[in-house]
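The first residue in the sequence is number 1, and the count goes up from there. Numbering of ligands and ligand atoms starts at 1, following listing order.
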Amino acid sequence: MVIRGKNTYITKLKREHVDEMQFWGAHEDPLFYSYTFPKMNKKEKDYWYAIKRHSLKRKSFAIYNESNILVGYISLRNIKWFRKISELGIVFDPNHINKGYGTDSLKSFIRYYFEEMKMKRLDLKVAEFNTRAYRCYIKCGFFDNGIELDEFEDQGLAIYEDEKLKEYQTYFKKVGDILKCRFIKMSITREIYEQNKESYPHYPPNTCA
Ligand SMILES: CC(C)(COP(=O)(O)OP(=O)(O)OC[C@H]1O[C@@H](n2cnc3c(N)ncnc32)[C@H](O)[C@@H]1OP(=O)(O)O)[C@@H](O)C(=O)NCCC(=O)NCCS
């Protein structure tokens, strides 16, 4: 299985991909520390893969660029086959963000999701401060579906202590001991995909007259 975009292609995630991800870069912005792929020993990598690998409720994919470098991965979780809905997660190597790979790969993935997997809706949640991801999702056709206060992945974030993060405090709230963050819920439906099909081109292009 290969899903082709313009500058990227997507394959099924395999255990050896996790070894390659160990060489990915690190985020310098504290808000994104939890997206830096952690350095893990073999047992931890096996465990990480065991969680992400294909199962009844989960599918994971590796994303390559045009130079055959592994640049990111996509995970579908909480797949509800009967209702044909699931939730998207997408993470890139920090060395390869902001190069258009996210938008390109996600558009080809959306095409695959609705055309091949025959799904009806794809949901996601994005931290309100994460304007890069939000912009990418908007370009891919997702629409806003409400705001939700939810536990922030990195409970160690010094949001109230680090002066440089002061402007971001508005996105966070401490509830008891838990650091919560404002998330935008987003979705794309089969109907929206169908209405804008030309935005999700087929690669290589269909040349049949
Ligand atoms: C989110 C992510 C998958 C997007 O992929 P990407 O390849 O970086 O995104 P693209 O380059 O395709 O598009 C990014 C867009 O955001 C814009 N952008 C970048 N930084 C921005 C900022 N600070 N504010 C507003 N827009 C910004 C870019 O200009 C671009 O838009 P444009 O093409 O209209 O100019 C990737 O950045 C990533 O893995 N980030 C870290 C993990 C993460 O945040 N995952 C998502 C969790 S919901």
**Prompt:** Which protein heavy atom lies closest to atom 37 (O) of ligand 1, and at what distance to 0.1 Å?
**Reply:** R132 NE, 3.1 Å
**Taking atom 11 (O) of ligand 1 as the reference point, the nearest protein heavy atom with its distance** = G100 N, 2.8 Å
**Request:** Assess whether atom NZ of K99 is packed by more than 12 heavy atoms of other residues, nucleotides or ligands within 6.0 Å.
**Result:** yes
**Asked** Does H54 use its side chain to pair, donor to acceptor, with the backbone of L56 at less than 3.5 Å?
**Response** no
**Prompt:** Regarding Y49 and E44, is there a side-chain donor-to-acceptor distance under 3.5 Å anywhere?
**Reply:** no
**Request:** Please determine if K6 forms a cation-pi arrangement with Y203, meaning its NZ or CZ atom is less than 6.0 Å from the six-membered ring centre and no more than 45° off the ring axis.
**Result:** no
**Request:** Take atom 35 (O) of ligand 1 and look for protein heavy atoms under 4.0 Å from it; say yes if you find one, no if not.
**Result:** no
**Request:** Compute the shortest N/O to N/O distance between N130 and ligand 1 and return yes if it is under 3.5 Å, no if not.
**Result:** yes
**Message:** Could you check whether N145 and S187, counting side-chain N and O atoms only, form a donor-acceptor pair closer than 3.5 Å?
**Reply:** yes
**Item:** Distance-only N or O hit between ligand 1 and G102, under 3.5 Å
**Value:** yes
**Asked** atom 1 (C) of ligand 1: which protein heavy atom is closest, and how many Å away?
**Response** A133 CB, 3.4 Å
**Prompt:** What do you reckon, does I90 have a nitrogen or oxygen under 3.5 Å from a nitrogen or oxygen of ligand 1?
**Reply:** yes
**Prompt:** If you count the non-hydrogen atoms of other residues, nucleotides and ligands that lie under 6.0 Å from CZ in R132, is the total more than 12?
**Reply:** yes
**Message:** Below 3.5 Å, N or O to N or O, backbone or side chain included: is there any such pair between T131 and ligand 1?
**Reply:** yes
**From R121, Q195, M119, K118, residue fulfilling side chain to side chain contact (heavy atoms under 4.5 Å, CB included) relative to R190** = K118
**Message:** Check this for me: E161, atom CD, are more than 12 non-hydrogen atoms of other residues, nucleotides or ligands nearer than 6.0 Å?
**Reply:** yes
**Message:** Considering both backbone and side-chain atoms of C136, is one of its nitrogen or oxygen atoms within less than 3.5 Å of a nitrogen or oxygen in ligand 1?
**Reply:** no
**Asked** Judged by modelled atom types alone, do Y35 and E153 share a side-chain donor-acceptor pair under 3.5 Å?
**Response** no
**Message:** Return the closest protein heavy atom for atom 29 (O) of ligand 1 as residue, atom name and distance.
**Reply:** N98 OD1, 4.2 Å
**Prompt:** Pick from I10, I63, T103: which one makes a side chain to side chain contact (heavy atoms under 4.5 Å, CB included) with S108?
**Reply:** I10
**Asked** Do we see a donor-acceptor contact under 3.5 Å between the side chains of Y134 and D144?
**Response** yes
**Prompt:** Would you say R135 and ligand 1 have an N/O pair spaced under 3.5 Å apart?
**Reply:** yes
**Asked** Judging by distance only, is a nitrogen or oxygen of F92 under 3.5 angstrom from one on ligand 1?
**Response** yes
**Request:** For ligand 1, indicate whether the residue Y35 contacts it via side chain, backbone, both or neither (heavy-atom separation under 4.0 Å).
**Result:** side chain
**Item:** Ring-face cation contact, Y112 with R4, 6.0 Å cut, 45° max
**Value:** no
**Request:** Within a distance under 4.0 Å of any heavy atom of V91, pick out the atoms of ligand 1 and give their elements.
**Result:** 39 (O)
**Item:** Heavy atom of the protein closest to atom 48 (S) of ligand 1 (residue, atom name, distance)
**Value:** Y137 OH, 3.1 Å
**Asked** Do N65 and T8 meet the criterion of a side-chain donor-acceptor pair at a distance under 3.5 Å?
**Response** no
**Message:** Counting non-hydrogen protein atoms only, what is the nearest one to atom 38 (C) of ligand 1? Give residue, atom name and distance.
**Reply:** I97 CG2, 3.6 Å
**Asked** For ligand 1, is Y134 a contact, meaning one of its heavy atoms is under 4.0 Å away?
**Response** no
**Request:** Using a strict 4.0 Å cut-off to heavy atoms of Y101, name the atoms of ligand 1 that fall inside it.
**Result:** 7 (O)
**Fill in**
of all protein heavy atoms, closest to atom 32 (P) of ligand 1 is K139 NZ, 3.4 Å
**Request:** Looking only at protein heavy atoms, identify the closest one to atom 10 (P) of ligand 1 and say how far it is in Å.
**Result:** T103 OG1, 3.6 Å
**Prompt:** Under 4.0 Å from any heavy atom of K125, which atoms of ligand 1 are there?
**Reply:** 48 (S)
